[in-house]
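Read through the structure below, which is laid out as structure tokens, and then see the notes.
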Amino acid sequence: QVQLVESGGGLVQAGGSLRLSCAASGVTFSGYGMGWFRQAPGKEREFVAASSWSGGSIYSTESLEGRFTISRDNAKNTVYLQMNNLKPEDTAVYYCALSSTYFALSNSYEYDYWGQGTQVTVSS
């Protein structure tokens with residue numbers, strides 16, 4: 001049974017940093033693409049970043065790419081999202097997801113397993 005467990009969320013002031021972690025179990029983690037999505041209150045879930053099995057990455061926008069970094073440690077079955085210079089508009093529940101492919105993918109329907117989410121709140 002595949003399980004994804006996120007951690008690292010919390011309350012931070014604008015300009016601060018957080019590192020989210022997502023630990024996977026029940027799967028050979030190194031063979032799959034991983035993604036981060038977020039959902040703000042009243043909004044649809046949106047793509048943030050994704051990593052291919054080999055560590056190649058994509059981001060939703062150039063602005064996020066300059067502030068967020070996705071990485072993975074296949075030995076630890078964990079994917080990370082380092083978030084710097086956080087802004088109030090980054091406030092959301094952040095979800096990690098696992099795709100049954102090798103690739104870094106940006107559509108939520110391309111992911112097969114999801115974590116429960118971790119809350120990130122950025123105060124102004």
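Any value given below was found using the heavy atoms of this structure, including those in side chains, with hydrogens, waters and symmetry copies removed.
- Of all non-hydrogen atoms in Pro88 and Ser124, the two that sit nearest each other are CG-CB, 3.8 Å.
- Judged by distance alone, with hydrogens and angles left aside, the side-chain atoms of Arg72 form no donor-acceptor pair with the main-chain N or O of Gly33 at under 3.5 Å.
- Criterion: ILVMFWY side-chain heavy atoms under 4.5 Å apart, direct or through other members. Under it, Val2 and Val79 are part of a common hydrophobic cluster.
- Under the 4.5 Å side-chain heavy-atom criterion for grouping Ile, Leu, Val, Met, Phe, Trp and Tyr, Phe47 is not connected to Leu20 through any hydrophobic cluster.
- Side-chain N or O atoms of Glu62 include none that pairs as donor or acceptor with a backbone N or O of Gly66 at under 3.5 Å.
- Here the CG-CE distance, from Leu64 to Met83, works out to 10.0 Å after rounding to the nearest 0.5 Å.
- Across all non-hydrogen atoms, the minimal contact from Ala24 to Val27 is CB-CG1, 4.2 Å.
- Rounding to the nearest 0.5 Å places OG of Ser100 at 11.5 Å from CD of Glu110.
- Val48 and Phe68 get closest at one heavy-atom pair: CG1-CD2, 3.6 Å.
- In this structure, the separation between OG on Ser25 and CD on Gln1 is 8.0 Å, given to the nearest 0.5 Å.
- To the nearest 0.5 Å, atoms OG (Ser21) and CG (Leu81) are separated by 9.5 Å.
- Here the shortest heavy-atom pairing between Ala92 and Gln119 reads O-NE2, 3.4 Å.
- The two residues Gly31 and Trp53 make their nearest non-hydrogen contact at C-CB, 3.9 Å.
- Side-chain contact between Arg38 and Thr91: absent, with no pair of heavy atoms (C-beta onward) separated by less than 4.5 Å.
- In this structure, the side chain of Ser57 does not engage the main chain of Ser51 through any donor-acceptor pair within 3.5 Å.
- With Arg67 as reference, Asp90 is the one residue of Asn84, Asn85, Asp90 to meet the side-chain hydrogen bond (donor to acceptor under 3.5 Å, both in side chains) rule.
- Taking 4.5 Å as the limit, some side-chain heavy atom of Met34 sits within range of a side-chain heavy atom of Leu4.
- One hydrophobic cluster, built from ILVMFWY side chains closer than 4.5 Å, holds both Tyr113 and Trp36.
- Side chain of Tyr59 to main chain of Ile70: a donor-acceptor pair is present (N/O by atom type, distance under 3.5 Å, no hydrogens or angles).
- In this structure, OH on Tyr111 lies 7.5 Å from OG on Ser106, to the nearest 0.5 angstrom.
- A distance of 9.0 Å separates OG of Ser7 from OH of Tyr80, quoted to the nearest 0.5 Å.
- Across Thr101 and Leu105, no two heavy atoms sit closer than the pair OG1-CD1, 3.4 Å.
- Cation-pi check for Arg45 over Phe37 is not met; the charged atom does not lie both under 6.0 angstrom from the ring centroid and within 45 degrees of its normal.
- Atom CD of Glu44 is surrounded by 12 or fewer heavy atoms from other residues, nucleotides or ligands within 6.0 Å.
- With hydrogens and angles ignored, the 3.5 Å screen pairs a side-chain donor or acceptor of Glu6 with a backbone N or O of Gln116.
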